[in-house]
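Here's the structure, in structure tokens; my notes come after.
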Amino acid sequence: DQQVKQNSPSLSVQEGRISILNCDYTNSMFDYFLWYKKYPAEGPTFLISISSIKDKNEDGRFTVFLNKSAKHLSLHIVPSQPGDSAVYFCAASGGNYGQNFVFGPGTRLSVLP
Amino acid sequence: DTAVSQTPKYLVTQMGNDKSIKCEQNLGHDTMYWYKQDSKKFLKIMFSYNNKELIINETVPNRFSPKSPDKAHLNLHINSLELGDSAVYFCASSPRGRISGNTIYFGEGSWLTVV
């Protein structure tokens with residue numbers, strides 16, 4: 001039973017354009033959400049997070065949007081660069097999972113030059 | 001300096017063997033984790049320790065035994081290895097595991113192949 005879903009296994013975007021990665025969750029107790037980026041043969045690295053009391057958090061080219069009523073969040077990357085090509089994982093924590101982080105299956109982003 | 005380091009990075013071993021993966025974090029975090037990334041690429045929690053105390057123990061075969069000698073170290077010992085244990089094992093840590101709002105930091109992973 002997947003509590004964090006990323007329904008797009010892959011996404012291709014032209015360099016300079018916007019990349020939008022989506023994530024849905026089912027557990028309304030989650031109150032903190034994170035995005036991680038993973039290159040091959042490396043561990044996931046933290047990218048950006050958002051608390052459930054906010055609906056937007058921005059850090060440079062990366063913005064995360066949270067829609068609590070829809071249990072949906074998205075990561076926007078603008079402008080996309082070839083170095084952004086990686087697998088992106090959405091993660092959630094909170095409630096009974098306060099000390100646990102539940103991960104989605106990941107979306108492979110390819111930014112084409 | 002590597003924040004979360006785990007060894008070995010690659011391990012190929014035969015069925016039935018016993019092996020250990022070591023993990024150390026120098027971030028001063030209280031909570032450490034073992035995650036498994038299976039063939040379908042899902043990252044799933046196996047264990048979590050908060051200041052040497054086991055706080056999460058997901059449904060994992062008894063052949064897997066974590067050991068935390070201190071809060072900076074969390075080792076994973078696997079007995080009687082099976083083919084299905086082949087996966088990537090990630091160690092991770094977070095500052096205060098019992099409080100929501102933390103960020104989790106991962107090691108580079110240990111690629112285990114059982115033949």
Side-chain angles (χ1 to χ4, degrees), chain A residues 1-10 23 25 27-54 57 59 62 64 66 68 86-109, chain B residues 2-10 21 23 25 27 29-51 53-60 74 88-111 113:
Chain A
D1 179 30
Q2 279 187 61
Q3 297 197 64
V4 178
K5 303 176 186 181
Q6 294 175 257
N7 292 323
S8 298
S10 62
C23 177
Y25 61 97
N27 191 334
S28 56
M29 296 296 289
F30 288 141
D31 59 9
Y32 191 64
F33 305 89
L34 311 93
W35 284 95
Y36 284 79
K37 176 179 177 179
K38 185 182 180 303
Y39 292 120
E42 294 185 10
T45 54
F46 171 71
L47 203 53
I48 192 169
S49 62
I50 188 167
S51 164
S52 60
I53 62 173
K54 296 185 175 182
N57 188 25
D59 184 2
F62 302 92
V64 55
L66 175 62
K68 278 183 63 179
V87 176
Y88 289 78
F89 290 97
C90 171
S93 71
N96 290 337
Y97 293 84
Q99 54 259 38
N100 189 6
F101 295 81
V102 182
F103 284 80
T107 296
R108 181 176 300 279
L109 173 66
Chain B
T2 304
V4 181
S5 59
Q6 51 184 111
T7 55
K9 181 156 186 174
Y10 298 103
I21 306 172
C23 179
Q25 55 96 2
L27 297 167
H29 289 170
D30 286 337
T31 306
M32 295 186 72
Y33 309 78
W34 278 110
Y35 277 80
K36 178 180 178 181
Q37 187 176 33
D38 59 22
S39 56
K40 293 184 179 178
K41 307 301 181 188
F42 284 93
L43 273 166
K44 291 185 178 174
I45 183 81
M46 298 174 69
F47 302 102
S48 176
Y49 273 73
N50 189 62
N51 206 4
E53 177 191 352
L54 180 66
I55 55 173
I56 295 174
N57 185 354
E58 291 296 304
T59 307
V60 175
L74 179 61
V88 186
Y89 294 86
F90 288 101
C91 178
S93 71
S94 69
R96 296 175 304 278
R98 293 188 182 277
I99 300 173
S100 184
N102 278 320
T103 300
I104 184 171
Y105 297 89
F106 286 88
E108 294 209 332
S110 294
W111 270 251
T113 303

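Below, read A as the first sequence line, B as the second, and so on, with proteins coming before strands; counting in each chain starts at 1.
- For A:Ala41, the parts lying under 4.5 angstrom from a heavy atom of chain B are both the backbone and the side chain.
- With B:Ser110 contributing its side chain and B:Pro8 its backbone, the two residues share a donor-acceptor pair below 3.5 Å.
- A:Tyr25 and A:Phe33 have tilted rings, their planes meeting at an angle from 30° to 60° on a 0 to 90° scale.
- For B:Lys44, no part lies under 4.5 angstrom from a heavy atom of chain A.
- No donor-acceptor pair under 3.5 Å is formed between the side chain of B:Gln25 and the backbone N or O of B:Ala3.
- Only the side chain of B:Gln37 comes within less than 4.5 Å of a heavy atom of chain A; its backbone N, CA, C and O stay farther away.
- The ring pair (Phe, Tyr, Trp, His ring centres under 6.0 Å) search around B:Tyr49 returns none, not counting sequence neighbours.
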